[in-house]
There are 2 protein chains.
Amino acid sequence: MKYSIQFSDAIHIMLYIEIYQNTDYLSSTKIADSVQTNPVNVRKIMAQLKKSQLIQTQTGKANPKLTRSISQITLLDVYQSIEGNTNLIQVDPKTNVKCVVGANIQSVLEKQYDKLQETVESEMAKVTLDTLVKDLVIAEKQQRLDNDDIIQRYLK
Amino acid sequence: MKYSIQFSDAIHIMLYIEIYQNTDYLSSTKIADSVQTNPVNVRKIMAQLKKSQLIQTQTGKANPKLTRSISQITLLDVYQSIEGNTNLIQVDPKTNVKCVVGANIQSVLEKQYDKLQETVESEMAKVTLDTLVKDLVIAEKQQRLDNDDIIQRYLK
DNA sequence: TTAACCTGTATTTTTTAAAATTACACCATC
DNA sequence: GATGGTGTAATTTTAAAAAATACAGGTTAA
């Protein structure tokens with residue numbers, strides 16, 4: 001089985017929309033080029049972000065917008081938009097109910113995984129996207145690429 | 001997301017070895033029947049648990065043993081045995097370095113995911129396998145199957 | 001001492017969820 | 001009305017996990 005990196009891609013898209021606001025680099029094709037995926041996948045992730053009211057879009061117009069400021073959006077908002085209430089750790093759903101272990105392990109583990117999920121989600125709730133943007137421009141500055149305008153915009 | 005069923009199966013196997021100790025139900029075939037997987041997979045997981053010194057095994061003998069008591073083994077021990085230091089949440093490794101976002105998002109997210117991993121691992125370290133065994137026999141008791149001996153052994 | 005049963009591990013095949021592709025109705029802008 | 005875009009359904013491709021196959025060699029008991 002392949003594992004999903006949609007969560008990471010969704011964060012990528014959110015930051016991209018913030019940083020490239022008011023430019024003509026906001027089509028799903030341009031975004032897909034940054035994420036290195038295909039435009040349909042970008043639109044699918046954005047459809048999900050829209051449903052969760054994290055972004056606004058308009059059919060036919062390449063101009064998505066965040067619905068609130070990056071200081072008001074957390075990693076948890078994005079996680080729940082993409083993953084719903086799916087836990088990071090999953091039980092094995094097909095254990096043998098004829099065995100005392102197989103019959104009960106699922107509920108036992110589910111309970112533990114729910115608890116672990118709570119702790120990780122409460123940490124996610126503490127991280128806002130403006131922190132990520134700031135970290136991103138600091139990383140960019142250290143590499144000295146040609147984005148002084150963006151660096152200056154967020155580095156204060 | 002990393003759908004790690006192996007982690008759940010590894011915990012299953014650990015609890016199984018504890019509960020069925022001193023019986024002749026400890027071959028990889030019997031364990032596989034409880035987990036509902038194949039014996040080779042069980043032996044592969046057990047090879048990993050052995051490498052981490054969580055269990056002892058002997059070639060040719062169907063008699064695996066835990067190396068320490070279940071009160072001395074945590075979920076983190078099992079997690080690290082199976083997953084090493086792989087984070088639960090993964091970055092997208094193929095973002096476009098020609099874009100300011102694509103170039104820096106990986107390191108920015110990696111840092112956040114490392115932090116989330118730390119919090120979830122510190123929670124895992126608090127959960128010992130004896131808690132799981134106890135939860136398991138409580139669940140079994142509520143369902144009233146035919147395992148009074150096992151229930152009595154751990155329910156005190 | 002040999003037959004039955006087991007482990008450990010390498011290799012190959014199958015499975016399956018994710019991602020990519022294809023397709024297309026319809027919107028926006030020039 | 002041509003060009004370029006969104007939204008979404010349907011199909012195909014993909015790659016990682018799991019299963020299956022194979023086999024060398026350990027263990028036990030008749």
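In this text, all values refer to a predicted model and were calculated from it rather than measured experimentally. Proteins get letters first, then strands, A, B, ... in listed order; numbering begins at 1 in each.
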State which of C:dA23, D:dA18, D:dT21 makes the closest approach to the side chain of B:Thr37.
-> D:dA18

Using ring pair (Phe, Tyr, Trp, His ring centres under 6.0 Å) as the criterion, list what pairs up with B:Tyr79, not counting sequence neighbours.
-> B:Phe7

Shortest non-hydrogen separation from A:Pro64 to A:Ile17 and the atoms involved = O-CG2, 3.6 Å

Sequence neighbours excluded, which residues qualify as side chain to side chain donor-acceptor pair (under 3.5 Å) partners of B:Ser81?
-> B:Ser52

Please list all pairs passing the ring-ring contact (aromatic ring centres under 6.0 Å, His included) test where one or both residues lie in residues 35-63 of chain A, with sequence neighbours left out.
-> none

Pairs flagged by ring-ring contact (aromatic ring centres under 6.0 Å, His included) wherever residues 39-74 of chain B is involved - sequence neighbours left out = none

Who pairs with [X] by side chain to side chain contact (heavy atoms under 4.5 Å, CB included), at least two apart in sequence or on another chain?
X	answer
B:Ser71	B:Ser69, B:Asp130
B:Lys126	B:Glu123
B:Val35	A:Asp92, B:Asp9, B:His12, B:Ile13, B:Ile31, B:Thr37
A:Asp135	A:Thr131, B:Val108, B:Lys111, B:Gln112

Keeping to residues at least two apart or across chains, list the side-chain hydrogen bond (donor to acceptor under 3.5 Å, both in side chains) pairs with something in residues 57-67 of chain A.
-> A:Lys50-A:Thr57

When the nearest nucleotide of DNA chain C is assigned to B:Lys94 and to B:Ala62 on a heavy-atom basis, which residue is associated with the more 5' position?
-> B:Ala62

Rounded to the Å, how far apart are [X] [atom1] and [N] [atom2]?
X	N	atom1	atom2	answer
B:Asn38	D:dA22	CG	P	15 Å
B:Gln90	C:dA17	CD	P	20 Å
B:Ile5	D:dA18	CD1	P	7 Å
B:Gln6	D:dA17	CD	C1'	8 Å

Just by protein heavy atoms under 4.0 Å, how would nucleotides 25-30 of chain D read 5' to 3' in B, S and -?
-> -BSS--

Evaluate whether atom CD of A:Gln53 has more than 12 neighbouring non-hydrogen atoms of other residues, nucleotides or ligands under 6.0 angstrom away.
-> no

Ordered by number, residues from residues 41-54 of chain A within less than 4.0 Å of DNA chain D (heavy atoms) are A:Arg43, A:Ala47, A:Lys50

Using heavy atoms and a sub-4.0 Å distance, could you list which residues of residues 9-31 of chain B are near DNA chain D? By number, please.
-> none

